[in-house]
Amino acid sequence: QVQLVESGGGLVQPGGSLRLSCAASGFTFSNYNMRWFRQGRGKERELVAYITSTGSDTNYADSVKGRFTIARDNAKNTVTLQMNSLKPEDTAVYYCKASLWGRDYWGQGTQVTVSS
């Protein structure tokens, strides 16, 4: 069965760092573009970062450029999001998403809380 499982969330102080991971199984991971989304309490879901199936190109929301880095390891079927210089406004549930044309798979999410 298809699975995307996020991990690495938690509580961190402003200015700190976290590394999120998403482990994929049940499909050909290397064929899929990957994205990280987030959704804060009472807010709409927003796209945070994108990476192509080969890892040849990436894109980021303006709010996280220079602070977050998306990467993938197709040999390990994982995609990561390195988050540095975290701010309270980064607090949200973070989700990974796999896409191939109209076929989408979502993980269950992991909570990130940035607070002093």
Where do Thr52 and Asn33 land on the side-chain hydrogen bond (donor to acceptor under 3.5 Å, both in side chains) test, with the steps shown first?
CA-CA 5 Å; Thr52 57; Asn33 298 324; 5.3 Å; no
Applying side-chain hydrogen bond (donor to acceptor under 3.5 Å, both in side chains), run through Ser115 and Thr113 and close with a yes or a no.
CA-CA 6 Å; Ser115 177; Thr113 302; over 6 Å; no
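Both Trp101 and Ile51 are members of a single hydrophobic cluster when ILVMFWY side chains are connected at heavy-atom separations under 4.5 Å. Clustering ILVMFWY residues whenever any of their side-chain heavy atoms sit less than 4.5 angstrom apart, transitively, puts Met83 in a cluster other than the one holding Leu11. A continuous path of hydrophobic side-chain contacts links Leu100 to Val79 [ILVMFWY only; heavy atoms under 4.5 Å]. Connection of Trp106 to Val5 is not established within any shared hydrophobic cluster, with ILVMFWY side chains joined at heavy-atom distances below 4.5 Å, either directly or through further cluster members.
Smallest separation of non-hydrogen atoms from Asp73 and Phe29: O-CE2, 4.2 Å. Between Ser53 and Ser30 the shortest heavy-atom distance is CB-O, 3.3 Å. Residues Lys43 and Gln39 share a closest heavy-atom pair of O-NE2, 3.0 Å. Residues Leu81 and Ala49 share a closest heavy-atom pair of CD1-CB, 4.1 Å. Between Phe27 and Leu4 the shortest heavy-atom distance is CZ-CD2, 3.9 Å. Smallest separation of non-hydrogen atoms from Asn84 and Ser17: OD1-OG, 2.9 Å.
Between the side chain of Glu6 and the main chain of Gly109, a donor-acceptor pair closer than 3.5 Å is present.
Tyr94 and Phe37 have their aromatic ring centers separated by at least 6.0 angstrom. For Tyr60 and Tyr50, the gap between ring centers reaches or exceeds 6.0 Å.
With sequence neighbours excluded, the residues that form a side-chain contact (heavy atoms from CB on, under 4.5 Å) with Val114 are Val12, Pro14, Leu86, Pro88, Asp90, Thr91, Val112. Partners of Lys65 by salt bridge (charged side-chain N to carboxylate O under 4.0 Å, His left out), not counting sequence neighbours, listed by chain and number: Asp62.
The closest side-chain heavy-atom distance from Glu46 to Arg38 is below 4.5 Å.
In this structure, a donor-acceptor pair under 3.5 Å is absent between the side chains of Arg45 and Tyr95.
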